[in-house]
Trainee: 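I have a structure here, written as structure tokens, and I will follow up with some questions on it.
Position 1 is the first residue of the sequence, and the numbers go up from there.
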Amino acid sequence: MEFVTTPQPYVDAVQDCAEHIGHRVVFRGTIHRVRDMSDFAFVVVRTDRGLIQCMLSGEVSGLTKADLKDAMVIEAGGLVREEPRAEHGFEVVLDEVRILARPAEQLPVPLGKKYMGLSLDVDLPLRPITLRHPRKRAVFRIQAALAEGFSAYMLSQGFTRIHTPKIVSAGAEGGANIFKLDYFGQQAYLAQSPQFYKQYTAGAFGRVFEVGNVYRAERHNTSRHLNEYVGLDFEMAYIDSMYDVMAMETGMLQFLMDYLPGQVGPELELLGVQLPTVGKIPSLTFQEAKDMMQEKFGHRSKNRYDLNPDEEELVCRWAKETHQSEFCFVTHFPSAKRPFYAMDDPENPKLALSFDLLFRGLEITTGGQRIHDYNEQIQKLRDRGMDETLFESFTMMHKYGMPPHGGVGIGLERLTMQLLGLQNVREASMFPRDMTRLVP
């Protein structure tokens, strides 16, 4: 009979070595590369949080440098000594090596190089391997910290974490861009958004948030679209206006940019990331943005209902040049192109109390104030020719009383892409799903 107790405390091997210069350490990792230096070899070992340079001279544990190959998993032991030329200012002189696992074949990509130089067509099918590269790992450690920081801020502001269904009976956004599936003989869909459930639970808890997957059956094959992405969503009740929601998002972004260096400082440094300063974020109405682009840049837009990608870039250029901000809110979009739950502006019902947040030339957020009055919501469904009986579970909350509320949805991959200066949103998705990709 055996008893299971709690695990040993986690040890960051890089940090442990740095704290034990002049002492012996033991750690586990994977051989990243072996550099033969004639009478000895540098064995660079990849650990959870970084690379450790080791030196192997002669025979250790019955192994010579010729026995060690890239991608071998080893347990290494040796004396830590200062070495200013090494990545972390130290190296480990090996006196013990134990092989834990051997690769069956040679690596298909050059993991040992600083830059692999792979196209997406090569990288993405090999993601289980290419994710081992330090620069790839850094992208997703930073992305993880973004989600963690978002959650930490929401919790600090009295929000409750929720987990909403991804198999639903109706689409929150409507339209044709929704994945259908057979649910035990019933028509069901993959959730386009947690919107309905955010509103339900805002009525119960006041403030709610979620980090969860979102599905869009959009036939876009662009550098900015995915068919499955991670949404950072929050909804808050008892608001005075959509500007309360915008202020909450501004505070969250300020928190995030302060949070990241303490969590993923080495990864930010490795990728050369310049974090934006988030102060006061400028805000333009949709019409002001259109007028500004014509007056300042001579750009006349043919899109009456939305901002084109080139226009998003121009708005951000204006914000940067005029207000030294890499973010800009655009508000009061035409109601006709905003969802049926978006509240219309009482002063001009043709406009919705809805906004986008643009960051470095790309929309990363859509949000706004929602309709909370039952009769107003029913009327808007009717005005749009929508069958109100299909939305009875949604309008139930309005029927029995809802406080004024609003929220946002943020695309985590788009935020990551813009923050890190990546060229394609697929680079910011571990295993992207687009029109052609279902594996790995």
Trainee: Is the closest side-chain donor-acceptor distance between Gln263 and Arg141 under 3.5 Å?
Mentor: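 Absent: no donor and acceptor within the cut-off.
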
Trainee: I need the minimum non-hydrogen distance between Gly368 and Phe355, along with the two atoms involved.
Mentor: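 Smallest heavy-atom distance, with atoms named: N-CE2, 3.4 Å.
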
Trainee: For Asn227 and Asp434, run side chain to side chain donor-acceptor pair (under 3.5 Å): C-alpha distance rounded to whole Å, both residues' side-chain angles, the deciding distance at 0.1 Å, then the answer.
Mentor: CA-CA 5 Å; Asn227 295 108; Asp434 55 29; over 6 Å; no

Trainee: For Arg426, is there an ion pair with Glu413 - N to carboxylate O distance below 4.0 angstrom?
Mentor: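 So Glu413 does not pair with Arg426 through a salt bridge.
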
Trainee: State, without any angle test, whether Glu249 and Thr365 hold a side-chain donor-acceptor pair at a distance under 3.5 Å.
Mentor: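 Distance-only check passes for Glu249 and Thr365.
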
Trainee: Examine the side chains of Glu218 and His225 and answer whether a donor and an acceptor come within less than 3.5 Å of each other.
Mentor: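 Glu218 vs His225: no donor-acceptor pair found between side chains.
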
Trainee: Indicate yes or no: does Asp306 engage Lys337 in a salt bridge with an N to O separation below 4.0 Å.
Mentor: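 No, Asp306 and Lys337 are not salt-bridged.
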
Trainee: Is there a donor-acceptor pair under 3.5 Å between the side chain of Asn308 and the backbone N or O of Glu311?
Mentor: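 No: the side chain of Asn308 does not pair with the backbone of Glu311.
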
Trainee: Centroid separation under 6.0 Å, is that true for the rings of Phe42 and Phe40?
Mentor: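 Yes.
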
Trainee: May I ask you to say whether Glu267 pairs ionically with Arg135, meaning some side-chain N is under 4.0 Å from a carboxylate O?
Mentor: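 Judged by the 4.0 Å cut-off on N to carboxylate O distance, Glu267 and Arg135 do not form a salt bridge.
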
Trainee: Where do Arg28 and Arg98 come nearest, in terms of heavy atoms and distance?
Mentor: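 Closest approach of Arg28 to Arg98: NH2-NH2, 3.2 Å.
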
Trainee: Between Glu210 and Thr164, does any side-chain donor sit less than 3.5 Å from a side-chain acceptor?
Mentor: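 Result is yes, a qualifying pair exists.
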
Trainee: Thr366 versus Val408: any side-chain heavy-atom pair under 4.5 Å?
Mentor: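 Not in contact.
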
Trainee: Under 4.0 Å between a side-chain nitrogen and a carboxylate oxygen: does that hold for Arg317 and Glu313?
Mentor: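 No.
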
Trainee: Output, in order, the C-alpha distance, side-chain angles, deciding distance and verdict of side chain to side chain contact (heavy atoms under 4.5 Å, CB included) for Tyr200 and Ser393.
Mentor: CA-CA 10 Å; Tyr200 299 156; Ser393 64; 3.8 Å; yes

Trainee: Could you check whether Phe179 and Tyr215 have their ring centres less than 6.0 Å apart?
Mentor: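 Between Tyr215 and Phe179, the centre distance exceeds or equals 6.0 Å.
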
Trainee: Please report the shortest heavy-atom distance between Met257 and Leu275, naming the atom on each side.
Mentor: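 Reported closest heavy-atom pair: O-CD1, 3.7 Å.
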
Trainee: Looking at Phe333, does the NZ or CZ of Arg338 lie under 6.0 angstrom from its six-membered ring centre and within 45 degrees of the ring axis?
Mentor: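 Yes, cation above the ring, under 6.0 Å and within 45°.
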
Trainee: With side chain to side chain contact (heavy atoms under 4.5 Å, CB included) as the test, would you mind laying out the steps for Ser283 and Met246 before giving the verdict?
Mentor: CA-CA 10 Å; Ser283 175; Met246 294 160 65; 3.7 Å; yes

Trainee: Closer than 4.0 angstrom, basic N to acidic O: yes or no for Arg81 and Glu91?
Mentor: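 Looking at Arg81 and Glu91, the cut-off is met.
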
Trainee: Side chains of Ser301 and Lys290: any donor to acceptor distance under 3.5 Å?
Mentor: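 Result is yes, a qualifying pair exists.
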
Trainee: Answer with yes or no after comparing the ring centroid distance for Phe234 and Phe209 against a 6.0 Å cut-off, counting only values under it.
Mentor: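 No, the ring of Phe234 stays outside the 6.0 Å limit from the ring of Phe209, centre to centre.
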
Trainee: For residues Ser241 and Gln369, report the shortest heavy-atom separation together with the two atoms involved.
Mentor: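 In terms of heavy atoms, the two residues are closest at CA-OE1, 3.5 Å.
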
Trainee: Looking at Tyr189, does the NZ or CZ of Lys180 lie under 6.0 angstrom from its six-membered ring centre and within 45 degrees of the ring axis?
Mentor: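 No - Lys180 does not lie over the ring of Tyr189 by the 6.0 Å and 45° rule.
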
Trainee: Report yes or no: do Gln143 and Thr416 form a side-chain donor-acceptor pair below 3.5 Å?
Mentor: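 Present: a donor and an acceptor within the cut-off.
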
Trainee: For residues Pro194 and Val214, report the shortest heavy-atom separation together with the two atoms involved.
Mentor: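 What the structure gives for the nearest pair is CD-CG2, 4.4 Å.
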
Trainee: Stepwise, does the ring-ring contact (aromatic ring centres under 6.0 Å, His included) test hold for Tyr305 with Phe286?
Mentor: CA-CA 9 Å; Tyr305 298 105; Phe286 178 77; 8.4 Å; no

